[in-house]
Amino acid sequence: MDFEKIVCVTVALGLGMAPAVSGRAADPPADMKPYAETIPGTSVTFEMVPVAGGTFRMGSPASEAGRSEDEGPQHEVALGPFWIGKLEVTWREYDKFWLDMSVVQASYTSEIKAAGVDALTRPTPPYADESFGFGKGKQPVISVGHHAAMEYARWLSRKTGKVYRLPTEAEWEYACRAGATNAYSFGDDPATLGDYAWSAGNSDGQPRPVGGKKPNAWGLFDMHGNAAEWVLDLHQKDAYKARAGKPALGPVVLPTEHTYPHVVRGGSWDHDAPTLRCAARMASRGEWNRRDPQRPQSIWWLTDATFVGFRLVRPLEEQKDLVGLRSRVTKDSP
Amino acid sequence: MSHADDAPTVPSRRDFLKTSTAAAVATGFVRVPGAWAAGSDAIRVGLIGCGGRGTGAAENVLSAAPGVKLVAMGDAFKDRLEASRAELLKNPKLASLIDVTPERSFVGLDAFQKVIASDVDYIILATPPGFRPEHLQAAVAAGKNIFAEKPLAVDGPGIRSVLETYEQAKAKNLAVMGGTQRRHSNGYIETMKRVHDGAIGDLQAARCYWNQGALWNKPRQAEWSDLEWQMRNWLYFTWLSGDHIVEQHIHNLDVVNWAMNAHPAKALGLGGRQVRTGPEWGHIFDHFTVDYEYPSGAHLLSMCRQMPGTEGRVGEDLQGTLGACATSQDAKRYIITGKNEWRLSPDQVGVDPYVQEHTDLIASIRAGKPLNELKTVAESTLTAIMGRMSAYTGQSVTWEQALNSQQALVPPSGQLAWGPMPVPPVAEPGKTELV
């Protein structure tokens with residue numbers, strides 16, 4: 001079954017359902033089970049949760065408290081099924097990638113060409129403790145750039161033989177909502193946020209080990225808060241306007257060779273409640289690396305974004321425009 | 001770098017970006033109205049050392065104040081100079097401030113002399129630190145204001161030279177900045193103000209850390225001479241970098257000296273080369289632990305390590321009779337606990353300290369009250385050198401022994417030539433002599 005067929009089926013399913021039902025929109029296909037995968041050659045595991053394809057309303061209504069203009073207009077989105085990380089990617093996992101000496105260290109176009117354009121690349125080291133003072137282990141990986149997150153996914157895909165990648169912005173919001181149409185996956189009242197999320201209100205100024213709060217209805221932890229999460233998309237303020245009127249099938253604004261602005265979702269341990277909403281969109285900026293004293297600045301690490309990490313998805317069937325997608329960012333990027 | 005970005009800004013609690021207005025206020029210097037509006041005191045910058053940090057410093061100075069131009073560049077290597085110029089020109093905001101003609105681009109081991117001799121009045125010294133004392137001496141002799149990256153030397157003779165240069169710079173009313181940017185970071189300034197005002201009482205002990213993974217390494221190319229290979233991998237040769245305790249950990253040692261208003265009297269250090277043992281890593285150590293003793297009797301435990309996969313920590317902790325203080329530049333964490341609890345509000349963290357140090361230096365030049373940090377940063381550099389000497393030899397080392405050391409690690413530039421350069425043996429505590 002290819003992507004379009006899956007979407008057709010799921011759109012039909014989704015449209016046939018009563019709207020705004022909290023919980024699962026539909027069951028995932030029978031052959032999609034939750035699973036734990038061990039990164040080959042290591043003892044480090046991570047867990048993936050299946051998500052049925054379906055439709056949802058992306059964005060926030062104009063009436064939602066704390067929203068920004070770029071969250072509208074709300075529009076129908078249809079997605080195929082995928083697995084998504086139950087947890088944010090931790091340092092335990094990321095260390096296996098960035099300290100993998102079998103992978104070349106490369107940042108420039110020329111270095112990548114010399115290594116072979118298809119070569120996996122790993123981060124050049126920062127002139128700093130890479131945890132930026134916040135500890136490692138089961139903490140979410142933080143301070144990593146969009147390019148680094150994409151290269152991690154490519155490395156993991158090569159290691160496992162499965163397609164892992166960043167979620168599209170639409171997949172992320174669909175998974176965050178887990179069927180809910182409210183500001184948060186648990187409702188509209190931020191008073192309950194502390195049960196589900198680490199935010200500036202309760203984190204005591206630091207990221208926390210993943211999975212420490214309640215999950216959403218689909219069993220996903222820390223979608224709100226802890227590390228804010230990279231998605232694939234380049235940020236466009238008016239991206240939703242073009243989608244109004246008809247269901248958008250697997251919408252995505254593909255990343256380019258530019259180092260920013262990319263979309264970050266979910267808010268973080270260092271953000272206040274409105275930024276943690278399901279529909280809230282943050283856009284990365286050059287300032288996120290402003291204290292990197294080297295030029296060119298690192299494309300791997302962000303000195304001033306100790307709040308940003310990521311989680312991965314694995315599509316059941318990859319949508320066509322994402323097949324073979326990889327980061328085009330290098331230190332030569334414009 | 002990116003195309004136009006009209007994205008909404010959602011500041012995290014510690015991501016408030018201060019404007020240049022705030023920068024001017026933070027420096028405490030009052031601008032003379034119109035002083036440079038007419039271009040009368042334009043600052044012409046010459047960059048010596050066009051690596052990643054030198055290029056960064058050039059961008060920082062161009063962003064630090066109006067009326068600044070980059071007009072000359074020098075590096076030992078042509079490819080480094082060209083890459084640096086191309087990188088700077090990539091930034092559309094800066095391109096109009098860069099006027100480095102081929103006639104003012106200098107390559108070779110004597111490039112520093114040519115930059116100093118060109119029509120510049122503000123020199124950035126960002127070569128490997130082993131060269132710093134000679135470059136500082138030459139720039140002050142020529143009457144230039146200077147931004148010198150830390151550390152300022154790698155050995156006792158180098159420090160003595162820098163202290164002489166300090167006196168000459170003072171006599172000539174020149175401004176010289178030392179590259180320990182924490183001294184220009186609002187977080188540290190606010191914290192130290194409180195520490196000096198007695199918020200944690202009398203300082204009894206301190207700890208400081210720069211534990212991280214490995215840094216970059218440039219694989220040796222067949223056409224490189226020994227000297228070229230060492231200079232391109234300068235971190236790993238003590239004559240060029242001072243070892244990582246001097247090159248990197250100086251930042252944290254400097255903070256503790258600042259807090260103590262003193263430099264240590266003595267050091268007893270351990271260290272070795274445990275993980276980074278291959279020839280590509282030169283002959284430096286990969287870890288040090290040093291017990292420093294200050295004249296007050298207070299001790300400082302200092303740790304630095306460059307080993308991939310190990311637990312990282314960069315910061316400083318102070319213990320006083322009334323409380324404690326913890327600082328971390330990376331985490332933007334500035335906390336006092338105990339009797340006078342205080343925490344820097346994240347929105348007070350302020351501007352980029354790498355820009356701020358140039359803002360402060362330029363403001364001091366324009367106000368006719370030149371800052372001169374040479375002595376302070378020379379003392380912090382010697383603090384680190386003293387620790388290294390102790391760890392290399394296995395003996396305790398006093399301040400006087402370090403300062404008066406006869407071990408000159410750096411050949412004068414006139415004696416350097418592209419060609420053979422043997423790698424010194426790895427230091428062996430108990431065998432390596434204290435010279």
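Each chain gets a letter, A, B and so on, in the order its sequence line appears, and its residues count up from 1.
- Counted by atom type alone, B/Tyr188 and B/Glu316 present one or more donor-acceptor pairs between their side chains at under 3.5 Å.
- Taking 4.0 Å as the cut-off between side-chain N and carboxylate O, A/Lys136 and B/Glu311 do not count as a salt-bridged pair.
- Contact count versus chain B (heavy atoms, under 4.5 Å) is highest, among A/Gly133, A/Pro125, A/Ser131, for A/Pro125.
- Judged as a side chain to side chain contact (heavy atoms under 4.5 Å, CB included), and not counting sequence neighbours, the contacts of A/Ala280 are A/Glu71, A/Arg277.
- For the 3.5 Å distance criterion, the side chains of B/His184 and B/Asp360 qualify, holding a donor opposite an acceptor.
- Neither the backbone nor the side chain of B/Gln181 comes within contact range of chain A; no heavy atom of the residue lies under 4.5 Å from a heavy atom of that chain.
- Contact count against chain B (heavy-atom pairs under 4.5 Å) is highest for A/Ala128 among A/Pro126, A/Ala128, A/Gly137, A/Gly267.
- Defined by atom type and a distance below 3.5 Å, a donor-acceptor pair is present between the side-chain atoms of B/Ser302 and B/His249.
- Contact tally against chain B (heavy-atom pairs below 4.5 Å) for A/Ala305, A/Pro296, A/Ala228, A/Gly135: the top residue is A/Pro296.
- With 3.5 Å as the limit, one finds no donor-acceptor pair spanning the side chains of B/His251 and B/Asp254.
- A salt bridge is absent between B/Asp352 and A/Arg290: the closest approach of a Lys/Arg side-chain nitrogen to an acidic carboxylate oxygen does not fall below 4.0 angstrom.
- Both the backbone and the side chain of B/Gln329 come within contact range of chain A, judged by heavy atoms closer than 4.5 Å.
- Proximity to chain B is limited to the backbone of A/Asp332, based on heavy atoms less than 4.5 angstrom apart.
- Salt-bridge check for A/Arg281 with A/Asp70: passed, with a basic side-chain N closer than 4.0 Å to an acidic carboxylate O.
- Chain B forms more heavy-atom pairs under 4.5 Å with one residue of A/Gln105, A/Gln294, A/Lys331, A/Arg291 than with any other, namely A/Arg291.
- Only the backbone of B/Arg313 comes within less than 4.5 Å of a heavy atom of chain A; no side-chain atom from C-beta onward does.
- A/Gly309 and A/Ala227 get closest at one heavy-atom pair: N-CB, 3.8 Å.
- Contacts between B/Glu149 and chain A at a heavy-atom distance below 4.5 Å are absent for every atom of the residue.
- Against chain A, the residues from residues 209-221 of chain B that qualify, each with a non-hydrogen atom under 4.5 angstrom away, are B/Trp210, B/Asn211, B/Gln212, B/Gly213, B/Ala214, B/Leu215, B/Trp216 in number order.
- By the 4.5 Å heavy-atom criterion applied to side chains, B/Thr310 and B/Arg305 are counted as neighbours.
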